[in-house]
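Step one of this worksheet: look at the structure below.
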There are 2 protein chains.
Amino acid sequence: MKKPPTIRDVAAAAGVSVSVVSRVLNPESGPVAPAKRETVLRVIEELAYRPRAAARELSVGSTPTVGLVVADLANPFFAQLADRIVWEARSHGVQVMVMTTQEDPHLEADSLDTLLDRSVAGVIATPTGANIEKWARLQSMGVDVVFVDRTIPELGNVDVVSIANVDSARRATEYLLSLGHKRIGLISGPVTTSTGRARIEGYQSAHETYSVSMDPQLIRDVPFRGEGGGDAVGSLLALPERPTGLIVANTAQVQSSVRRLIQTGVQIPEDLSVIVFDDNPWTELTTPPLSVLRQPIDMLAVHSLELVLGRMQGKLPSTPRVIEVNADFVPRSSCSPLLLTPSR
Amino acid sequence: MKKPPTIRDVAAAAGVSVSVVSRVLNPESGPVAPAKRETVLRVIEELAYRPRAAARELSVGSTPTVGLVVADLANPFFAQLADRIVWEARSHGVQVMVMTTQEDPHLEADSLDTLLDRSVAGVIATPTGANIEKWARLQSMGVDVVFVDRTIPELGNVDVVSIANVDSARRATEYLLSLGHKRIGLISGPVTTSTGRARIEGYQSAHETYSVSMDPQLIRDVPFRGEGGGDAVGSLLALPERPTGLIVANTAQVQSSVRRLIQTGVQIPEDLSVIVFDDNPWTELTTPPLSVLRQPIDMLAVHSLELVLGRMQGKLPSTPRVIEVNADFVPRSSCSPLLLTPSR
DNA sequence: AACCGGAGTGGAACCGGTTCCACATTTGTA
DNA sequence: TACAAATGTGGAACCGGTTCCACTCCGGTT
């Protein structure tokens with residue numbers, strides 16, 4: 001319980017001034033005679049001295065730490081994203097403060113305040129979509145902001161890393177259309193989010209390409225939280241003209257949607273061809289294994305971290321970067337041609 | 001990009017001394033005239049002043065932050081645990097620094113150093129089992145340590161929160177024994193970990209109770225990382241005398257084990273009755289839904305946080321606390337009596 | 001022989017809070 | 001009425017680093 005040594009303790013033990021010790025600690029900040037450097041390093045070792053982060057932060061004004069504001073760690077997509085980002089950051093010698101918003105704008109606002117208090121130099125976030133002025137304020141304080149997976153179009157000057165949402169939704173839809181399906185249900189995220197809108201757009205675009213008319217009843221936008229996916233599945237299946245295909249484009253609702261499908265005993269793919277967004281590990285453990293759009297989580301993590309670090313070091317041009325990575329479509333056994341279904 | 005206001009700016013604008021502002025910020029530290037308090041609060045509001053965490057930390061010496069050192073966020077069990085702990089901590093006004101070890105003692109050591117540098121007051125961890133002297137050093141520096149899920153028996157004076165591992169494994173085993181199974185495979189964690197040992201112990205104890213002799217070949221301890229579970233499944237099924245029951249007691253290996261079971265086309269439960277540890281959401285989406293031992297993640301989170309906060313406030317007796325919470329056995333359709341299987 | 005420039009060093013201010021202490025004012029009590 | 005106690009206030013030291021600056025040695029130029 002005795003207090004840890006300070007830089008002055010080290011200086012005294014090594015018979016030099018604190019300036020010298022500090023210069024040994026940060027080699028770029030000035031010259032030190034090789035002999036003294038040696039001595040100082042030895043003393044540091046002996047005393048097991050470690051500089052206190054708070055002191056350095058206070059005097060330097062910021063800290064090589066990035067905040068990670070993620071919606072929900074209980075969602076495997078975000079959890080894996082966080083895991084990769086934390087891992088990647090460590091290899092760059094950067095700390096990560098992980099915060100969760102549970103999709104609640106108030107909690108998001110809290111998180112941003114906290115990160116501001118801790119003087120983080122950069123933030124990687126999956127924004128809820130609200131708190132626009134708060135994000136702007138953060139930027140105006142010199143904090144570099146990178147959005148990942150989603151974005152807020154109203155906010156300029158933000159780097160964004162996401163999957164090609166329009167294209168991904170289009171490909172999934174076109175795949176089902178090419179199998180002959182005409183009525184395809186879509187469960188997407190809220191239209192208030194960029195991903196929700198983009199995926200609906202891709203869905204529509206595919207219908208135009210195939211000259212298939214589109215029934216707006218088949219599009220359901222549901223919140224990220226809660227069991228909305230299951231309910232949407234229920235009501236889609238209850239339609240007089242039941243869909244023969246289903247795309248679950250809301251990653252947070254895949255579980256509840258699939259659970260409902262299983263509960264209601266729908267035969268997949270005989271009664272319903274299914275594609276879900278995001279390749280959670282269990283999607284190939286179901287019967288049948290589900291066709292998925294796999295989001296390249298590693299790419300998202302690497303790019304977002306690269307961007308935020310690049311900004312922090314001022315190595316990037318000031319124009320905002322938008323990086324879109326392609327998602328892989330992984331066909332499995334949950335889709336079949338409509339032809340197989342006898343007219344009902 | 002202009003610099004944020006400091007406490008001295010606030011003092012100047014309110015026409016008081018910094019001491020007064022500080023006392024308004026921390027009410028317990030001294031009296032302030034109601035009128036001045038009012039003024040100061042207004043000025044704080046106007047200037048959008050926020051105290052910088054680093055300055056406070058430097059002067060106070062520690063910070064109301066707990067470190068969370070978790071093995072692997074990509075594992076849903078740990079991810080959910082982290083989610084709950086972060087959430088719970090926030091409601092207590094406490095920050096959480098999340099770090100991951102990927103089960104690597106070196107990374108764990110790094111994490112502990114970092115947490116020490118940041119002067120955290122407490123740490124909640126799922127230890128790898130190594131770094132014993134490092135943990136001890138952390139404690140000797142006055143950091144409160146709580147282990148969750150696993151422990152290191154060699155380390156005294158640590159609070160531990162875990163599920164009743166022996167009992168849980170015993171119940172799972174007894175359930176299969178009571179269904180008439182005599183040859184039950186067990187895939188557990190490494191015997192170097194407390195959970196691994198305890199679950200094997202429960203498995204053995206159940207065999208004694210039922211006076212069923214035990215074939216050591218059926219016990220496989222595999223690492224947490226990698227695909228060991230799948231391989232263990234493969235080799236268990238390749239035994240001349242194949243097991244008719246299987247318990248996967250290594251939460252990190254459930255996925256790879258189940259994947260292998262599905263790949264090899266084993267009929268569950270006809271050929272093999274299966275119980276897995278931990279109720280990941282997808283365990284009821286497989287065919288058939290899997291019988292599971294559900295770890296009460298909420299309880300683990302709440303208790304561990306309560307313990308570490310209690311210690312930090314010095315409200316707990318100095319004797320270490322060990323809290324065991326019971327896991328629920330949730331029977332689903334992946335187990336059936338041995339009788340149903342005709343002699344092969 | 002006088003001068004210049006750079007390597008190496010230590011002193012001290014500074015970052016933005018907290019807290020101790022001395023002092024002034026008000027209130028309560030004998 | 002006098003004096004003790006409680007209340008309120010500001011000054012200044014302090015936490016542990018970083019960094020600016022002045023200063024001392026050097027060797028190398030003219």
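None of the values given here were measured: they were computed from a predicted structure. By convention in this document, chain letters (A, B, ...) are assigned in the order of the sequence lines, proteins followed by strands, and residues within each chain are numbered from 1.
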Next item on the list: Could you check whether Thr6(A) gets within reach of a base, just the sugar-phosphate, or nothing at all, counting any heavy atom under 4.0 Å?
Entry: sugar-phosphate
Check: Please give, in whole Å, the distance from dC15(C) P to Arg50(B) CZ?
Finding: 22 Å
Margin query: I'd like to know if the side chain of Ser119(A) pairs up with that of Arg52(B) as donor and acceptor (distance under 3.5 Å, no hydrogens or angles considered).
Written below: yes
Note to self: So does Phe77(B) get a backbone contact from the side chain of Asn75(B), meaning a donor-acceptor N/O pair under 3.5 Å?
What the structure shows: yes
Notebook entry, point to check: In whole angstrom, what separates Arg52(B)'s CZ from dC14(C)'s P?
Noted result: 17 Å
Notebook entry, point to check: Counting side-chain heavy atoms from CB outward, which of dG11(C), dG17(C), dG16(D) is closest to Ala55(A)?
Noted result: dG16(D)
Next item on the list: Under 4.0 Å between any heavy atoms, over every strand shown, what does Ser22(B) touch: base, sugar-phosphate, or nothing? Just pick one.
Entry: base
Margin query: Whether the Thr128(A) and Glu108(A) side chains hold a donor-acceptor pair (N or O, under 3.5 Å, no angle test) is what I'd like checked.
Written below: yes
Notebook entry, point to check: In whole Å, what is the span from the CZ atom of Arg8(B) to the P atom of dG17(C)?
Noted result: 8 Å
Check: Within the modelled atom types, does a donor on one side and an acceptor on the other bring the side chain of Arg56(A) and the base of dG16(D) under 3.5 Å apart?
Finding: no
Next item on the list: Return the value, rounded to whole Å, for the distance between atom CZ of Arg118(A) and atom P of dG16(C).
Entry: 17 Å
Margin query: Given the ring of Phe224(B), does Arg150(B) sit roughly above its face, with NZ or CZ under 6.0 Å from the centre of the six-membered ring and within 45° of the axis?
Written below: yes
Note to self: Whether Lys36(B) contacts dT9(D) is assessed here as follows: a side-chain N or O lying under 4.0 Å from the phosphate OP1 or OP2. Is that the case?
What the structure shows: yes
Notebook entry, point to check: Looking at dG8(D), dG17(D), dG16(C), which one has an atom nearest to any side-chain atom of Pro51(A)?
Noted result: dG17(D)
Notebook entry, point to check: Could you give the CG-to-P distance, from Leu116(A) to dG17(C), as a whole number of Å?
Noted result: 12 Å
Next item on the list: Could you work out which one of dG17(D), dG16(C), dT18(D) sits closest to the side chain of Leu58(B)?
Entry: dG16(C)
Item checked: Position toward the 5' end of DNA chain D (nearest nucleotide), Val18(B) or Ser59(B) -> Val18(B)
Check: In whole angstrom, what separates Leu25(B)'s CG from dG16(C)'s C1'?
Finding: 12 Å
Item checked: Side-chain donor/acceptor of Arg23(B) to base of dG8(D), under 3.5 Å -> no
Notebook entry, point to check: Within the structure shown, what part of the strands sits under 4.0 Å from Pro31(B) by heavy-atom distance: base, sugar-phosphate, or nothing?
Noted result: base
Next item on the list: Check the pair Arg225(B), Asp104(B) against salt bridge (charged side-chain N to carboxylate O under 4.0 Å, His left out), reporting the backbone distance first and the verdict last.
Entry: CA-CA 10 Å; Arg225(B) 304 284 294 178; Asp104(B) 179 342; over 6 Å; no
Checklist line | Spacing between Ile7(A) atom CD1 and dT18(D) atom C1', to the nearest angstrom | finding: 8 Å
Notebook entry, point to check: dG11(C), dG10(D), dG16(D): which one has an atom nearest the side-chain heavy atoms of Ser17(B)?
Noted result: dG10(D)
Item checked: Separation of atom NZ in Lys3(B) from atom P in dG17(C), rounded to whole Å -> 13 Å
Check: Nearest to the side chain of Val60(B), which nucleotide is it out of dT9(C), dT9(D), dT18(C)?
Finding: dT18(C)
